[in-house]
Amino acid sequence: MTDSESAQKPQKFAAPRGTADVLPDDWPYWRFVRDTAERVCEAFGYRRIDTPVFEHAGVFLRTSGAGTDIVEKEVYLFEDRGGDRLALRPEGTANVMRAYIEHGMSSLPQPTRLYYIAQNFRYDRPQAGRYRQHTQLGVEAVGDADALLDAEVIDILRTFFMELGLRDYTIKLNTIGDPACRPAYIEALRSYYRPLLPQVCEDCRGRFEKNPLRLLDCKEERCQPAIAGAPRLHDYLCQDCRDHFQRLRDCLAALDISYVIDEHLVRGLDYYTRTVFEFHPAVEGAQSSMGSGGRYDGLVELLGGPPTPGVGFGSGFERLILNLKRQEAAVPADPDPALFIALVAAEAAPLALRLADRVRSEGLQAVVGSPGRSLKTLLRHADQKRASYVAIIGRKELESGEVTLRAMLDHTERSVAVEDVADIVRP
RNA sequence: GUGGGCGUGGCCUAGCGGUUAAGGCGCCAGGUUGUGGCCCUGGAGAUCGAGGGUUCAAAUCCCUCCGUCCACCCCA
């Protein structure tokens, strides 16, 4: 559309596909989830880090894995005016590792415990619980390979869900080996599948090339015989991976965390090693994962840093809120105003504004109703906002210099000096 | 990227070829010449997602696009 056309018929805009406005009615859910996330992370000694919304494209393209969906079709790539190739952050871990390297956090006492609440962007086809811009809590424990930390981040996510009141979910756990043992397994898996390729579904033929581990996760009927006879990853694990997994299980047992081992659980990003896990709600739904993560011992090196182990997870707020709504969870409501000012006479505006400021300076919420409405309407507004007191200011009050203070609960009114209002309305 | 459902005032919905597109919620006003939550009355607010086509006539039929929802892929 040209400028002249748009000038004739101003275009109405909607939020871009896959994005959503968080409206005031939804905000209590967001505040609840965000506050709970911050409190839980800090209780575990994790410190907040925020990184830019965009990075040099290589931060993500080099780390996620060449064949992954994220790299192949989901990253928002752009070139800025200086010619730099940049990418909107599609996931949270790689850029935090970039910051870990850049700021020399490896010289801090390890592990470095970090968390963040940040927007990610992926050019996906939107559906319930899946958006092109989504928000997640991310937690990373970097610089220590002990499986105790795997258990710790799982404990954080479990505690987070508990404090949110999310009850019906399952923790799926798996180990996917490390560079010492996984390549041999992948080779064995490919050798096994190669002659079977004509019999499996088309998706699986793609998986054979791009992500063979995911072959075992196919739900197609025709692929089940192949899956049943496939070699098992757990038979190929090296001793270090076995020990790590056993120590993780011991730690989880100590924490009374129950889980199911899902040998077919795989992660979408290439940098994961050993531990992977997902938290699934009991109710069915395609985008069911409410949080997932794992260990990524090779990631820092991929970004040019020293060999550094790490483990973490991401948990999507939109999905958490979806599940909170599904189970009709109670969340803290917006605070109610202590005072609503019903401005009946427009010329009393200065008095109304002074009164409102005075009450707010006492730390109380005060709302000025729009002048020009009938008192009846203003009282209805005060009622809808659940104000406990209404100060009525009209001609009478202008003359007397006092305001009429109405207690909404018992309908009583009295004349009160402006300087006394705050003390009376204070809950 | 693939397949399917749906797009009617701010929100929910009726109408599914034929004169001014109907109702509910919400909003505003009045009933109470300055008094809320219930009730009554009235009012404002819709080029029926956009564009094109069929027809004497389209919200209604057809096509394309856009959006949305569901599923697949994948993922938080």
Residue pairs passing the salt bridge (charged side-chain N to carboxylate O under 4.0 Å, His left out) test where at least one lies in residues 336-350 of chain A, sequence neighbours excluded: A:Asp336-A:Arg386, A:Glu347-A:Arg395

Selection residues 22-36 of chain A - residue pairs positive for salt bridge (charged side-chain N to carboxylate O under 4.0 Å, His left out), sequence neighbours left out: A:Asp26-A:Lys325, A:Arg31-A:Asp334

Counting only side-chain N and O atoms of [X], is one of them less than 4.0 Å from OP1 or OP2 of [N]?
X        : N     : value
A:Arg130 : B:C72 : no
A:Ser289 : B:A76 : no
A:Arg207 : B:C73 : yes

Protein-nucleotides 8-11 of chain B N/O pairs under 3.5 Å:
none

Give the table of side-chain donor-acceptor pairs shorter than 3.5 Å for residues 417-427 of chain A, with sequence neighbours excluded, one pair per line with atom names and distance.
residue: A:Asp423; atom: OD1; partner: A:Arg426; partner atom: NH2; Å: 2.9
residue: A:Arg426; atom: NH2; partner: A:Glu362; partner atom: OE1; Å: 3.3

cation_pi(A:Arg47, A:Tyr115) dist<6.0 Å, angle<=45: no

[atom1] atom, [N] versus [M]: distance in rounded Å?
N     : M     : atom1 : result
B:G9  : B:U54 : C1'   : 29 Å
B:C40 : B:C48 : C1'   : 31 Å
B:G36 : B:C28 : P     : 14 Å
B:C27 : B:C66 : P     : 37 Å
B:G7  : B:G49 : P     : 8 Å
B:U20 : B:G15 : C1'   : 16 Å
B:G26 : B:U33 : C1'   : 28 Å
B:U13 : B:U19 : P     : 25 Å

Of the listed nucleotides B:C73, B:C75, B:A76, the one nearest the side chain of A:Lys219: B:C73

Partner set under side-chain contact (heavy atoms from CB on, under 4.5 Å) for A:Ser370, not counting sequence neighbours: A:Arg373

SB check [X] [Y] (cutoff 4.0 Å):
X        : Y        : result
A:Arg205 : A:Asp203 : no
A:Arg295 : A:Asp150 : yes
A:Glu74  : A:Arg132 : no
A:Glu318 : A:Arg130 : no

hbond_proxy A:Glu397 side chain to B:G34 base (donor-acceptor, 3.5 Å cutoff): yes

I need the [atom1]-[atom2] distance between [X] and [N], as an integer number of Å.
X        : N     : atom1 : atom2 : value
A:Tyr116 : B:A76 : OH    : C1'   : 11 Å
A:Tyr169 : B:A76 : OH    : C1'   : 16 Å
A:Asp203 : B:C75 : CG    : P     : 13 Å

Pull out every protein N or O sitting under 3.5 Å from an N or O of nucleotides 25-31 of chain B, one pair per line with the distance.
residue: B:C27; atom: OP1; partner: A:Gln384; partner atom: NE2; Å: 2.7
residue: B:C28; atom: OP1; partner: A:Arg373; partner atom: NH1; Å: 3.2
residue: B:C28; atom: OP1; partner: A:His381; partner atom: NE2; Å: 2.7
residue: B:C28; atom: OP2; partner: A:Arg380; partner atom: NH2; Å: 2.3
residue: B:A29; atom: OP1; partner: A:Ser374; partner atom: N; Å: 3.4
residue: B:A29; atom: OP2; partner: A:Thr377; partner atom: OG1; Å: 2.3
residue: B:G31; atom: N7; partner: A:Lys376; partner atom: NZ; Å: 3.3
residue: B:G31; atom: O6; partner: A:Lys376; partner atom: NZ; Å: 2.9

Sugar-phosphate only, base, or nothing, as touched by A:Arg406 at under 4.0 Å among non-hydrogen atoms: base

Touch class at under 4.0 angstrom, heavy-atom based, for A:Arg386 against every strand present: nothing

Reported CD-to-CG distance for the pair A:Glu55 and A:Leu86, which is rounded to 0.5 angstrom: 9.0 Å

With [X], which residues qualify under ring pair (Phe, Tyr, Trp, His ring centres under 6.0 Å), at least two apart?
X        : value
A:Phe32  : none
A:Phe161 : A:Tyr169, A:Phe279
A:Phe78  : A:Phe54

Hey, what are the protein-to-nucleotides 67-69 of chain B N/O distances that come in under 3.5 Å?
residue: B:U68; atom: OP1; partner: A:Gly18; partner atom: N; Å: 3.4
residue: B:U68; atom: OP2; partner: A:Arg17; partner atom: NE; Å: 3.1

5'-most by nearest nucleotide on RNA chain B - A:Tyr272 or A:Ala382: A:Ala382

Residue mapping more 5' on RNA chain B - nearest nucleotide basis, A:Gly291 or A:Val344: A:Val344

Within residues 213-232 of chain A or reaching into it, pairs that qualify as side-chain hydrogen bond (donor to acceptor under 3.5 Å, both in side chains) - sequence neighbours excluded: A:Arg232-A:Glu263

Base-pairing string, 5' to 3', of RNA chain B - Watson-Crick or wobble, under 3.5 Å, | interstrand: ((((((((.[[[[.)..(...]]]].(((((.......))))).....[[[[[..)....]]]]])))))))....

A:Phe44 and A:Tyr46 aromatic ring geometry - parallel, tilted or perpendicular at 30°/60° bounds: perpendicular

